[in-house]
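Just so you know, these numbers use all the heavy atoms, side chains as well, and skip hydrogens, waters and symmetry mates. Here is how names work: the chains are called A, B, and so on, in the same order as the sequence lines, proteins then strands, and each is numbered from 1. Since the structure is predicted, the reported quantities are computational estimates derived from the model, not experimental observations.
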There are 2 protein chains.
Amino acid sequence: MDKPEKEITITDVARQAGVSMATVSRVVNGNNNVKETTRKKVMAVVDKLHYRPNAVARGLASKKSTTIGVIIPSMTDLLYANLAKGIDDVASMYKYNIILTSNNKGIISEQQMFSDLLAKQVDGIIYMGEKVSADLYKEINNSRVPVVFAGAIDDSGKIPSVNIDYKTAVRDVVQLLINNGNRQVALVADDLSNSINGKYRLTGYREALEQAGLTYSSNNVFETMYNLQAGAAVWDVIHESGATAVYVANDLLAAGILNAATASGVKIPEDFEVITSNNTILCEVTAPRMTSIALPLYDIGAVAMRMLTKLMNNEEVENIDIKLPYSLIKRGTTK
Amino acid sequence: MDKPEKEITITDVARQAGVSMATVSRVVNGNNNVKETTRKKVMAVVDKLHYRPNAVARGLASKKSTTIGVIIPSMTDLLYANLAKGIDDVASMYKYNIILTSNNKGIISEQQMFSDLLAKQVDGIIYMGEKVSADLYKEINNSRVPVVFAGAIDDSGKIPSVNIDYKTAVRDVVQLLINNGNRQVALVADDLSNSINGKYRLTGYREALEQAGLTYSSNNVFETMYNLQAGAAVWDVIHESGATAVYVANDLLAAGILNAATASGVKIPEDFEVITSNNTILCEVTAPRMTSIALPLYDIGAVAMRMLTKLMNNEEVENIDIKLPYSLIKRGTTK
DNA sequence: TTGAAAGCGCTAACAC
DNA sequence: GTGTTAGCGCTTTCAA
């Protein structure tokens, strides 16, 4: 337990090495304009003193913090956790630290979180969220640092973002369900007011119905809370409605529906089929395991972060609106 | 899109308000030694200019960053995600930001992550991890900022930490299993070399056996990889061993075992019982739902963070080694 | 290849 | 109550 009295600084190193601060700065930052012998001399002192450059001072002087901000709706939602992991991996690859802020209780607005991140002088921000308020848009547009959306839709089309083609994905799976003989397919989501669900998924759903010559009815679309119990509760309603299959916008709700269905004695997939959306581990744990659209969650995060690094370096970014490929993983809840 | 040319600073505000920087600093920081009229005058300019104090400059001058570091083994592990949520909630309550670093690929050592956090001048660090290397211990002991462990054991007993009494928890559940008539109870964990599993859980397991007059056999304890497939694979071995119940150290493995058992035609809980450890959402999604020790994950994180705030303020902390209460949630995998 | 010195934007004595 | 000023620890011209 030998806590040194004082944090050692660049001045200490300079003095002991018999060089100027500028030179120490150069060797610490890998600048080449340093004679090899002085470089070695300085490094020896750095090691001896366990010198650790103060990133805050460095940030103030250089106007770069090598820190990025990440805004995430929930850390305990496997969807976002997987996105975050992708972000984290490439961030650490490029030596960036992450300030993670989540809107857990909704007590602090996303706009405020955004502003706080800018106050901390982050070099860039990745946003994962469901709805972007007008105020947030204003903050983003005024931001001097780049922002990219990961798994979040920018309706304005101006903000770099990484997603999959939600509409087509949903259309395809609903089509599959129809082809499997289901004449009445339900759709359930926890929030129909955000773009991904309300705009893209719902549209894909309607298109599939149309193409099959089936008529769309709002009686087949259900909006619920985002938890297991809500899933279980909505099952009863779906079942009564006469639907024989359902597409669900998230895995948790799907699990709730599946388990309630099974509990009520309905045979899955023989009597009822379900397809879910995110292919998180939940899909592999239920019985039967759930068929799901496979979002490349990790990749979305990773690609978003990679794009952000380019933006931070003022490198050219050809495509601002990236759509990654997805697939369908067939498991036990479809025929 | 009116990106201002230059970030506006305290000097700008001071000039426009016709006061000194010190006064602006005072009002921005809520210092009371300011006349109400000048406070209003300054705030008016602050609002007009959208002044946002530069946290980096503030950090350099005040030697406080209002940022803490969190070291987490994996963001996609529900166990840690829930801990992190507890940390995050109380951190934001106390206006701290979080730099989250995870050891995803093991490419960067925890010791290095720790050092990086210190370089960023965090005011404190919360560590969640399984094993603490000697090198990490050295870093922690030399650290000028407080460190607390959340859901992690400090074998030295010197570092503040928040946990539950793992040994007793396991002893109790194994006892329950024995009382249910099982004469041979297996234990499975993904890593027996860390303290929580190898030291506390295993000891609890042995104690339960002893107290029931059963003899411990290493043939009943299984160590596997940490994934679903490993859980499924270990099921076969457990079943062959003749065990009729199992205590599992994490929910993912438990789900793998449960599903493999069910798939092989074994009736749960009639023919085989399983109790798991973390009560994450996985427990509620399997069929049948899993009986689990209920760790107060969120609370562990929250209490750890609260403790850290005290430490950072040099407040008195009575108890350095906190054990939170836990409970047992009986569901469908036990009689 | 190296050093001197001027900041970066803010806080914290200290003086008035 | 308010202003002056000296740093905080580093990077970055600019000279030498």
Side-chain angles (χ1 to χ4, degrees), chain A residues 4-43 45-46 49-67 116 118-123 144-145, chain B residues 4-43 45-46 49-67 116 118-123 144-145:
Chain A
E5 263 323 290
K6 218 182 133 306
E7 203 71 52
I8 94 111
T9 72
I10 199 172
T11 322
D12 302 322
V13 178
R15 193 181 317 114
Q16 288 217 26
V19 300
S20 71
M21 289 167 49
T23 300
V24 176
S25 176
R26 291 191 186 97
V27 346
V28 166
N29 292 301
N31 187 313
N32 283 324
N33 296 358
V34 182
K35 217 198 311 177
E36 182 58 17
T37 58
T38 65
R39 207 189 65 74
K40 282 207 176 123
K41 188 171 58 179
V42 170
M43 281 311 291
V45 178
V46 163
L49 263 35
H50 300 297
Y51 170 58
R52 177 192 288 139
N54 180 325
V56 170
R58 176 181 280 173
L60 183 59
S62 70
K63 304 193 156 298
K64 286 194 182 1
S65 62
T66 60
T67 300
D116 287 350
L118 293 179
K120 296 264 172 169
Q121 310 304 115
V122 295
D123 296 334
R144 192 180 279 80
V145 303
Chain B
E5 263 323 289
K6 217 182 134 305
E7 203 71 52
I8 92 110
T9 73
I10 199 172
T11 321
D12 302 323
V13 177
R15 194 181 318 112
Q16 288 216 27
V19 299
S20 71
M21 288 168 51
T23 298
V24 176
S25 177
R26 291 192 185 97
V27 345
V28 166
N29 291 300
N31 186 314
N32 282 323
N33 296 359
V34 182
K35 216 199 307 180
E36 182 59 17
T37 57
T38 66
R39 208 189 63 75
K40 281 206 176 124
K41 187 172 58 180
V42 171
M43 281 312 292
V45 178
V46 164
L49 263 36
H50 299 298
Y51 170 60
R52 178 191 289 137
N54 180 325
V56 169
R58 177 182 279 174
L60 184 59
S62 70
K63 304 194 155 298
K64 288 195 181 354
S65 62
T66 59
T67 300
D116 287 349
L118 293 179
K120 296 263 173 170
Q121 310 304 117
V122 296
D123 296 334
R144 193 181 279 77
V145 304

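- Phosphate contact (OP1/OP2 of dT11(C), side-chain N/O of Ser25(B), threshold under 4.0 Å): present.
- Contacts of Ser62(B) classified as side chain to side chain donor-acceptor pair (under 3.5 Å), with partners at least two apart in sequence or in another chain: none.
- Candidate nucleotides dT2(C), dT11(C), dC10(D) were compared by shortest atom distance to the side chain of Arg58(B), and dT11(C) ranks first.
- Dashed line: the shortest gap from a side-chain N or O of Asn33(A) to OP1 or OP2 of dT2(C) is not under 4.0 Å.
- Each end of the helix from dT1(C)-dA16(D) to dC16(C)-dG1(D) gets its own axis, taken as the rotation carrying the C1' atoms of four end pairs onto the next four within a five-pair window, and the two axes meet at 30° to the nearest 10 degrees.
- The separation between Asp12(B) atom CG and dG9(C) atom P is 9 Å, rounded to whole Å.
- Across Met21(B) and Ile10(B), no two heavy atoms sit closer than the pair O-CD1, 3.6 Å.
- Residue pairs meeting the salt bridge (Lys or Arg N to Asp or Glu O under 4.0 Å) criterion with at least one member in residues 55-67 of chain A, sequence neighbours excluded, do not occur.
- Applying the side chain to side chain donor-acceptor pair (under 3.5 Å) criterion to Ser25(A), with sequence neighbours excluded, gives Asn29(A).
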Just by protein heavy atoms under 4.0 Å, how would nucleotides 3-8 of chain C read 5' to 3' in B, S and -? BB--BB
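- The distance from atom CD1 of Ile10(A) to atom P of dG9(D) is 11 Å, rounded to the nearest whole Å.
- Take Ser65(B) and apply the side-chain contact (heavy atoms from CB on, under 4.5 Å) test, not counting sequence neighbours, and it matches Thr67(B), Asp123(B).
- Going from atom CG of Asn31(B) over to atom P of dA12(C) covers 10 Å, rounded to whole Å.
- Between the CZ atom of Arg39(A) and the P atom of dT2(C) there is a distance of 12 Å, rounded to whole Å.
- By the side chain to side chain donor-acceptor pair (under 3.5 Å) test, Gln16(A) is found to be paired with Lys48(A), residues two or more places apart in sequence or in another chain being considered.
- A straight line from NZ of Lys35(B) to C1' of dG3(D) spans 14 Å, rounded to a whole angstrom.
- Rounded to an integer number of Å, the gap from NZ of Lys120(A) to C1' of dC10(C) is 14 Å.
- Residue Thr38(B) places none of its side-chain N or O atoms closer than 4.0 Å to OP1 or OP2 of dG1(D).
- Rounded to an integer number of Å, the gap from NZ of Lys64(A) to P of dG9(C) is 14 Å.
- Expressed to the nearest 0.5 Å, how far CG of Asn54(B) lies from NZ of Lys120(A) amounts to 11.0 Å.
- Not counting sequence neighbours, Ala61(B) has no partner by the side-chain contact (heavy atoms from CB on, under 4.5 Å) test.
- Under the side chain to side chain donor-acceptor pair (under 3.5 Å) criterion, Arg52(B) pairs with Ser115(A), Glu139(A), sequence neighbours left out.
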